[in-house]
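Let me begin by presenting the structure, written as structure tokens, before commenting on it.
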Amino acid sequence: MRVLIATAVPAERDAVARAFPGRPVPRTLPGGLELLAVPDPLPSDHLFFDPLLAGPLPVAPPLPERGAEAPGAAQAVHLLATGAGPAAAAAGTAAALAVAALDERPYDLVLSAGIGGGFAPLAPLGTLVVAEAMVAADLGAQTAEGFVPVTDLGFGRAVHLPPAALLRDVTRALSPDDAADAEGAPELPPVVVGEALTVSTVTGTAERAAELRELRPRAASEGMEGFAVAEAAYGYGIPALELRAVSNPVGPRDREAWRIPEALAVLTSAFAALAPVLQEARRYV
Ligand SMILES: O=C(O)c1cccc(C(=O)CC[C@H]2O[C@@H](n3cnc4c(=O)[nH]cnc43)[C@H](O)[C@@H]2O)c1
């Protein structure tokens, strides 16, 4: 599978990169963002796929130089720090998707990953939210009767859903039972499956948190990129999924309560457990 993982900032990207062996190889995209290719996303016992026949080769081809990607490689994990916020996330993700399409090496899957706020009581600090839906929570109009989503105004999209099989495989790979089977399995964070909200304005009051919870009762996390990454992927017909490691509660501003290093460590252990899913040859639709 060819996978693009979009984060907001380099610290998040590097936390994901630590889940994979080797030093990632950079490539500058038009517009200046740096795309990092994980050098060795293949397990040692992988099948070798012929890109033309789209089937397994009887004999393993020579391994590419460490760090280089095999031409037409069926497997790739690319990391991109787009910048924070929905506009930067959509623009950066779209640039990477456009380059991949022009190279005739499209991605099969796009992941949005990062730290985020967690809605109480569903997603406390230290949990990992796996998005059952990626929701543009403040995209719409404020009226005297309350918030009206953009879709009720007659245009756009406000929700993207991951394919059910993808959600199932990811949550399964992150579940203790599965992970216990894997040798040297990393410690796993508690997983919460719920809605991942994307906002342009970070919630800073208990009132706004309650408002969002009322609008979206299954809200588990708040971030500023997930929906935007999924929206870019949607334009290319590529499935997307968001993962948020909870670094702070959604609610009143309290920088003291932030647990950023811990949340970054959650991202690393989550992606270490997810690596086998990302190495699968299957495609989700
Ligand atoms: O100064 C503040 O009060 C403040 C509060 C929350 C977040 C920020 C940021 O600048 C971080 C934005 C960055 O981190 C993600 N993130 C982390 N926690 C949250 C959150 O509770 N709500 C929304 N986004 C969050 C976000 O995806 C951005 O990439 C400042």
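We number each residue from 1, following the sequence as shown. Ligands are counted one by one from 1 in listed order, and the atoms in each one are counted from 1 as well. Atom set for the values below is all heavy atoms of this structure, side chains included, hydrogens, waters and symmetry mates excluded.
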_Given Ile5, which partner from the list Val229, Leu109, Leu111 fulfils the side chain to side chain contact (heavy atoms under 4.5 Å, CB included) test?_
Leu111
*Residue list, salt bridge (Lys or Arg N to Asp or Glu O under 4.0 Å) with Glu222, at least two apart or on another chain*: none
*Would you check ligand 1 and list the protein residues that come within less than 4.0 Å of it by any heavy atom, ordered by chain and number?*
Ala8, Ala84, Ile115, Gly116, Gly117, Val202, Glu222, Gly223, Met224, Glu225, Arg244, Asn248, Arg253, Arg255, Trp258
_Pairwise salt bridge (Lys or Arg N to Asp or Glu O under 4.0 Å) hits with a residue in residues 9-18, at least two apart_ = none
*How many angstroms lie between atom CZ of Arg27 and atom CD of Glu34, to the nearest 0.5 angstrom?*
12.0 Å
*Counterpart residues, ring-ring contact (aromatic ring centres under 6.0 Å, His included), relative to Phe119 (two or more places apart)*: none
*Should the ring pair Phe20 and Phe271 be called parallel, tilted or perpendicular, given that the plane angle runs from 0 to 90° and is split at 30 and 60?*
tilted
